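Note that the numbering runs from 1 along the sequence shown for the chain. All values reported here derive from a predicted model rather than from experimental measurement. Atoms within a ligand are numbered from 1 in the order they appear, just like the ligands themselves.
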Amino acid sequence: MATIVPTLFSFVRDTYKGRFDVDTFEKEVARDFDNQEIAQAISKYEQEAKNLRNKDEIRKVIQYIDLTTLNGDDTASKVVALAKRAINPIPTDPSIHCGSVCVYPQRIADVKKFLTETKQTCHITGVAGGFPSGQYHLKSKVLECELSVADGATEIDIVISRASALEEDWKTVHDEVLACKKACGSAHLKTILATGELKTLSNVYKASWASMLAGSDFIKTSTGKESVNATLEVAYVMCTAVKRWHELTGQKVGFKPAGGIKTVDEALAYVALVKDILGEQWLNPTLFRIGASSLLDDCLKAL
Ligand SMILES: O=C[C@H](O)COP(=O)(O)O
């Protein structure tokens with residue numbers, strides 16, 4: 001029975017793939033969150049982070065990192081230096097690699113060229129689809145995904161339309177993610193909810209659900225450009241949605257907190273949260289990443 005139920009749900013999901021039924025969606029996402037319960041869970045995760053702080057866990061954190069630079073003054077030499085760091089973040093231990101190197105679309109080809117010339121491998125994440133605001137025509141979002149994959153990105157981080165989310169137009173949120181998913185081909189799609197702009201936890205849950213329905217391989221909290229980025233509170237809500245999705249479909253969607261995570265202690269609190277809500281099986285770079293530009297520095301200091 002345990003295996004039949006996910007199979008049946010997978011059948012239902014696949015039958016309706018690409019179609020968004022508003023009534024079914026509203027029924028599934030109608031739920032409240034108990035702020036007190038979330039606050040208690042968060043203080044437990046912060047406490048557990050202190051217990052987790054050891055060299056083995058820090059090495060694991062390094063492997064979760066999507067090592068990021070997303071600046072207007074990024075150049076080929078800067079992203080190549082970052083890729084070298086992502087491939088060998090601990091100079092004395094060549095067995096450890098970051099999850100990926102994460103750059104703007106115009107810099108993807110620079111990283112790809114370096115990897116080809118040096119015969120090295122590393123996942124390349126390209127932010128695309130109107131990153132960071134999402135305030136662009138769908139055609140250009142889709143084109144950006146296609147061009148990024150053509151340049152060598154193996155993973156694409158897109159943003160949802162916050163305008164549509166705030167207008168409760170979840171069908172448009174879903175349909176845009178679906179269009180980008182198709183444009184990504186075999187590249188993994190991580191969908192950024194930009195939770196700091198979604199106003200309510202209920203919207204965070206709905207945005208998570210619409211993104212997973214549209215085929216996202218990961219859901220990600222933030223771009224790093226909002227005034228409020230990753231928080232344990234939104235992580236709790238997003239992982240609850242990922243858990244529910246897994247119960248219904250048998251599919252494991254990844255989770256990526258990103259933006260403002262700078263210290264080992266902060267990163268380990270997310271590790272404790274994922275372990276508690278989704279289980280140990282999520283704690284590997286296939287299902288858990290941390291988007292961060294400076295976290296690696298603190299990890300190396302702590303080793
Ligand atoms: O996706 C990754 C974020 O943009 C990184 O944000 P951060 O610079 O605050 O670490």
Side-chain angles (χ1 to χ4, degrees), residues 58 61-75 78-79 81-83 85-86 89 98-108 111 122-135 141 144-145 148 153-160 162 177 180 184 187-198 204 207-208 211 216-235 238 253-271 274 285 287-302:
I58 295 168
V61 166
I62 291 174
Q63 294 173 83
Y64 302 142
I65 296 176
D66 281 348
L67 194 61
T68 302
T69 183
L70 294 169
N71 297 310
D73 61 359
D74 289 343
T75 57
K78 194 171 158 196
V79 296
L82 197 72
R85 225 178 156 213
C98 291
S100 79
V101 59
C102 177
V103 298
Y104 269 123
Q106 255 204 323
R107 302 275 68 84
I108 294 167
V111 179
C122 176
H123 282 297
I124 306 173
T125 297
V127 294
F131 180 100
S133 70
Q135 299 280 17
K141 295 181 184 182
E144 205 169 51
C145 292
S148 298
T154 52
E155 305 184 358
I156 298 290
D157 287 14
I158 61 160
V159 288
I160 65 159
R162 277 83 95 191
V177 175
C180 290
C184 287
H188 267 212
L189 178 69
K190 307 191 205 101
T191 301
I192 305 169
L193 310 185
T195 53
E197 294 181 347
L198 291 183
V204 171
S208 304
S211 301
S216 303
D217 298 293
F218 265 72
I219 51 175
K220 169 175 170 183
T221 61
S222 321
T223 66
K225 310 291 184 191
E226 291 84 58
S227 55
V228 177
N229 289 289
T231 67
L232 289 164
E233 195 181 30
V234 298
M238 290 171 69
V253 170
F255 172 62
K256 176 176 171 182
I261 303 172
K262 295 183 190 317
T263 67
V264 167
D265 289 344
E266 286 166 339
L268 289 174
Y270 287 98
V271 170
V274 168
L287 289 170
F288 180 54
R289 297 283 180 85
I290 300 174
S293 56
S294 58
L295 172 61
L296 178 58
D297 298 328
D298 198 52
C299 290
L300 294 177
K301 254 191 260 162

Practice prompt. Report the C-alpha distance between Leu268 and Val61 in whole Å, list the side-chain angles of each, state the deciding distance to 0.1 Å, and finish with yes or no for side chain to side chain contact (heavy atoms under 4.5 Å, CB included).
Written response: CA-CA 8 Å; Leu268 289 174; Val61 166; 3.7 Å; yes
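- In this structure, Glu144 has no salt bridge (charged side-chain N to carboxylate O under 4.0 Å, His left out) partners at least two apart in sequence or on a different chain.
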Discussion item. Would Lys256 and Glu155 count as a salt bridge (Lys or Arg N to Asp or Glu O under 4.0 Å) here? Give the steps.
Written reply: CA-CA 13 Å; Lys256 176 176 171 182; Glu155 305 184 358; over 6 Å; no
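- Near ligand 1, heavy-atom contacts under 4.0 Å come from Thr68, Leu70, Lys220, Thr223, Gly224, Ala258, Gly259, Gly260, Gly291, Ala292, Ser293.
- Partner of Lys220 under the side-chain hydrogen bond (donor to acceptor under 3.5 Å, both in side chains) criterion, out of Asp157, Thr195, Asp66, Thr191: Asp157 alone.
- Phe131 and Tyr104 have perpendicular rings, their planes meeting at more than 60° on a 0 to 90° scale where under 30° would count as parallel.
- Separating the CD1 atom in Ile108 from the SG atom in Cys102 is a distance of 9.0 Å, to the nearest 0.5 Å.
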